[in-house]
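One structure is given here, and the rest of the page talks about it.
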Amino acid sequence: MLYVADSAKGRLASIREAKGFTPDYFLRATITSGGCSGLTYQLDFDNELKERDQVFEDNGETVVCDLKSFLYLCNSTLEFNGGLEGNGFSFNNPNASRECGCGESFAV
């Protein structure tokens, strides 16, 4: 399962409205190689499901990821922090053994 915190839900709604996305757009979470810790989170809006996509509904949001990314994201929570110490989306990922200082990459 992937979870969406209230803070992320609010920000996703703002972005969706500002960009004029229709209700069929969902959030796609992908893990790619890169960053100072080895793996990087990538978030995009999408409206086309692919074969073997994993689809999750939480807190009124739909989050989709491919099967490989789900292995790294399982039981993670998407959060948004707009405060002084960090501005943006991040994952509270119980699978990460370490994260870089900026929170954009992780290792397992």
Side-chain angles (χ1 to χ4, degrees):
M1 182 71 181
L2 294 180
Y3 303 96
V4 179
D6 288 338
S7 60
K9 177 182 177 171
R11 183 64 179 140
L12 289 171
S14 297
I15 293 170
R16 194 177 277 114
E17 182 180 330
K19 296 202 177 258
F21 288 137
T22 57
D24 62 325
Y25 276 80
F26 51 81
L27 185 68
R28 179 175 293 280
T30 308
I31 301 299
T32 58
S33 296
C36 50
S37 292
L39 298 168
T40 306
Y41 302 106
Q42 181 177 338
L43 296 173
D44 294 298
F45 282 99
D46 196 352
N47 65 348
E48 292 184 28
L49 289 174
K50 299 174 184 165
E51 188 177 339
R52 297 184 145 191
D53 271 345
Q54 307 297 298
V55 180
F56 304 95
E57 303 271 342
D58 185 54
N59 204 3
E61 289 291 336
T62 300
V63 181
V64 174
C65 66
D66 61 79
L67 188 57
K68 181 181 173 188
S69 296
F70 178 64
L71 295 173
Y72 296 109
L73 288 170
C74 182
N75 294 319
S76 294
T77 301
L78 179 65
E79 300 174 348
F80 181 80
N81 183 351
L84 293 174
E85 290 193 20
N87 191 6
F89 289 100
S90 64
F91 279 97
N92 182 348
N93 187 343
N95 306 301
S97 62
R98 72 170 196 253
E99 295 180 342
C100 67
C102 63
E104 291 185 12
S105 67
F106 69 103
V108 290

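All residue numbers in this chain count up from 1 along the given sequence.
Counting heavy atoms from C-beta outward, E61 and L27 have side chains that stay 4.5 Å or more apart. Between Q54 and L67 there is a side-chain heavy-atom pair separated by less than 4.5 Å. Counting heavy atoms from C-beta on, the side chains of K50 and V64 never come closer than 4.5 Å. The shortest side-chain heavy-atom distance between D58 and V63 does not fall under the 4.5 Å cut-off. At a threshold of 4.5 Å between non-hydrogen side-chain atoms, the residues L12 and F80 do not count as touching.
If you check the side chains of N75 and N95, you find no donor sitting under 3.5 Å from an acceptor. Between the side chains of E79 and N81, no donor-acceptor pair of N or O atoms lies under 3.5 Å.
In this structure, T62 and E57 approach most closely via the heavy-atom pair OG1-OE2, 2.8 Å. Shown here for C65 and A29, the closest heavy-atom pair between the two residues is CB-O, 3.0 Å.
Linking Ile, Leu, Val, Met, Phe, Trp and Tyr whenever their side-chain heavy atoms come within less than 4.5 Å puts F56 and F45 in one cluster. Note: the hydrophobic cluster containing L78 also contains L39 (ILVMFWY, side chain heavy atoms under 4.5 Å, direct or indirect links). Residue L49 is not grouped with residue L73 when hydrophobic side chains (ILVMFWY) are merged at heavy-atom distances under 4.5 angstrom, including chains of intermediate members. The hydrophobic clustering, which links ILVMFWY residues whose side-chain heavy atoms are closer than 4.5 Å, places L43 and M1 together. With hydrophobic clusters built from ILVMFWY side chains whose heavy atoms lie under 4.5 angstrom apart, F70 does not share a cluster with F26.
Side-chain atoms of S69 come within 3.5 Å of backbone N or O of I31 as a donor-acceptor pair. A side-chain donor-acceptor contact under 3.5 Å links N59 to the backbone of V4.
Put simply, CZ on R52 and NZ on K68 are 13.5 Å apart, with the number rounded to the nearest 0.5 Å.
Not less than 6.0 angstrom separates the ring centroid of Y41 from the ring centroid of F89.
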Q: Please step through side chain to side chain contact (heavy atoms under 4.5 Å, CB included) for the pair Y3 and N92, ending with a clear verdict.
A: CA-CA 9 Å; Y3 303 96; N92 182 348; over 6 Å; no
